[in-house]
Asks: 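Here it is, the structure, as structure tokens.
Quick caveat, the model's predicted, so the values are computed rather than measured. Just so you know, ligand 1 is whichever comes first in the structure, and atom 1 is the first atom listed for that ligand.
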Amino acid sequence: MARHVIPISLILALLAGCTSESSPDPTVAQRSLLGTVLRIQAYGKPATDRLLNEVFDRIAEIEAKMSTSTQDYDTTELLQVNRAAGDHAVSVSPDTYHVVERGLYFSELTEGAFNVTIWPLVSLWGIGTEDARVPAEEELERARSLVDHGELELLPNNEIYLPKEGMGVDVGGIAKGYAADEAAQMLREAGIDHALLDFGGNILVIGNKPNGEAWRIGVQQPDGKRSTYLGILEAQDQTIVTSGPYERYFEQDGKRYHHILNSETGYPAEAGLTQVTIVSERSMSADALSTACYVMGLEDALDLVESLDGVDAIFVTDLREVYITEGLRATFSITEEEYRLAN
Ligand code: AMP
Ligand code: MG
């Protein structure tokens, strides 16, 4: 198992201002999972390689239950659910049931902007796979008609039922958040008071820095280069989750098609935003909301986030205007001069 842990001596590019003078050396480990590189940097005695390996093993278990990638898996619980659509209910683990249940909750809350039954569209576009292509109108129309979270049935005994053949569940928009919440719980239970988890740009911090200061997290620029950031956010015991079109996309005939889909149009969402960052306590909620807000566009997304307790957001528009919610006035500042605070 130890072979999975790759200690890295570099301080995370995202982490500004954490020098060895101000903090003791962390234990750092990374592993490729959930389609990205996961990194954990944890402080204190309980932060052993063994513990971090156990955390990554737990996330590998989550992936093996909930992935819908037929490239990576012959079968998973969710592939079984999707293959049984229109025929029978499938009993899944409490883990998978919980994530799908939360997915349904956010589908309802966001009126389908986040849609946990998006799978027919996701699989049709194939974005992130070798088969990515722009589908024909008829294909899109059929797939759209099969995306309907109102028809997803969560039955007793952890059974999930999709009433029409071709329907399917996809938790790609919340799985990383769930994994981060689970990882944080394991680390806290092991006695870790200070840690930074970077799951492919989705950040979760436990406590503050060991020297007592807040973590300073770089909010990335929406040009896809994770190492460049547009502003700094001070955080403690929080998660910072970002959705953007640059994470996964393909090009056809000179046009880019990205992976966040609008279930109403069937196409990649185009609502004037280039990036959404959600700041909250729970990473799974933040993950669902970042995807939803990207689809909804600035006005509706601002209204939604302001209506939720304990949730804040940073929105970047295609004019490089940055909008933030009230809760971030004291903790977020723009550092890159091409961007301008617009509210
Ligand atoms: P994220 O990177 O968290 O914004 O999630 C994007 C991933 O969520 C995609 O790769 C799909 O697997 C899935 N997805 C795409 N569009 C939606 C949507 N409208 N609602 C829910 N999940 C989506
Ligand atoms: Mg998301």
Asks: Can you classify the ring geometry of Phe114 versus Phe106 as parallel (below 30°), tilted (30 to 60°) or perpendicular (above 60°)?
Replies: perpendicular

Asks: Can His259 be said to touch ligand 1, with heavy atoms closer than 4.0 Å?
Replies: yes

Asks: Identify whether Leu34 and Leu52 are in the same connected component of the hydrophobic contact network (ILVMFWY, side-chain heavy atoms under 4.5 Å).
Replies: yes

Asks: Just say parallel, tilted or perpendicular for the rings of Tyr178 and His98, cut-offs at 30° and 60°.
Replies: tilted

Asks: Is the shortest N/O to N/O distance between Ser243 and ligand 1 below 3.5 Å?
Replies: yes

Asks: Just verifying a value: how many Å separate Arg31 CZ and Asn53 CG, rounded to the nearest 0.5 Å?
Replies: 5.0 Å

Asks: About how many Å separate CD of Glu111 and NE2 of His149, when rounded to the nearest 0.5 Å?
Replies: 8.5 Å

Asks: For residues Thr75 and Gln80, determine if any side-chain heavy atom of one lies less than 4.5 Å from a side-chain heavy atom of the other.
Replies: yes

Asks: Group every Ile, Leu, Val, Met, Phe, Trp and Tyr by side-chain heavy-atom contacts under 4.5 Å, then state whether Val295 and Met284 land in the same group.
Replies: yes

Asks: Side-chain heavy atoms nearer than 4.5 Å, only ILVMFWY residues, links allowed to pass through others: does that put Tyr43 and Val205 together?
Replies: yes

Asks: Can you pull out the closest protein heavy atom to atom 1 (P) of ligand 1? Residue, atom name and distance to 0.1 Å, please.
Replies: Thr291 OG1, 3.3 Å

Asks: For ligand 1, note which part of Ala292 has a heavy atom under 4.0 Å away: side chain, backbone, both or neither.
Replies: neither

Asks: Could you identify the single nearest non-hydrogen protein atom to atom 5 (O) of ligand 1 and state the distance to 0.1 Å?
Replies: Gly173 CA, 3.3 Å

Asks: Any atoms of ligand 1 less than 4.0 Å from a non-hydrogen atom of Phe114? List them with their elements.
Replies: 20 (N), 21 (C), 22 (N)

Asks: Quick check: Asp287 and ligand 1, any N/O pair under 3.5 Å apart?
Replies: yes

Asks: For the CD1 atom of Ile260 and the CD1 atom of Ile118, what is their distance to the nearest 0.5 Å?
Replies: 11.0 Å

Asks: Check whether any N or O atom of Val295, backbone or side chain, sits under 3.5 Å from an N or O atom of ligand 1, and answer yes or no.
Replies: no

Asks: O (Gly173) to the Mg ion (ligand 2) to OD1 (Asp287): angle, nearest 10 degrees?
Replies: 70°

Asks: Taking 2.8 Å as the cut-off, does an N/O/S atom of Val241 lie below it from the Mg ion (ligand 2)?
Replies: no

Asks: Could you list the atoms of ligand 1 found under 4.0 angstrom from a heavy atom of Gly172?
Replies: 5 (O), 7 (C), 8 (O), 12 (O)

Asks: For atom 18 (C) of ligand 1, which of Thr117, Leu261, Thr242, Val241 has the closest heavy atom?
Replies: Leu261

Asks: Ala113 heavy atoms, cut-off 4.0 Å: which ligand 1 atoms fall inside?
Replies: 18 (C), 19 (N), 20 (N)

Asks: Do me a favour and list the nearest non-hydrogen protein atom to atom 12 (O) of ligand 1 with residue, atom name and distance?
Replies: Asp170 OD1, 2.9 Å

Asks: Are Val100 and Val90 connected, step by step, through hydrophobic side chains (Ile, Leu, Val, Met, Phe, Trp, Tyr) whose heavy atoms are closer than 4.5 Å?
Replies: yes

Asks: Tell me which protein heavy atom sits closest to atom 20 (N) of ligand 1, plus the residue, atom name and distance to 0.1 Å.
Replies: Asn115 N, 2.8 Å

Asks: Any idea which protein heavy atom is nearest atom 22 (N) of ligand 1, and the distance to it?
Replies: Ile118 CG2, 3.8 Å

Asks: Just wondering, is there an N, O or S atom on Thr291 that's nearer than 2.8 Å to the Mg ion (ligand 2)?
Replies: yes

Asks: According to a 4.5 Å side-chain heavy-atom criterion applied to Ile, Leu, Val, Met, Phe, Trp and Tyr, with indirect links allowed, do Phe199 and Ile206 form part of one hydrophobic cluster?
Replies: yes

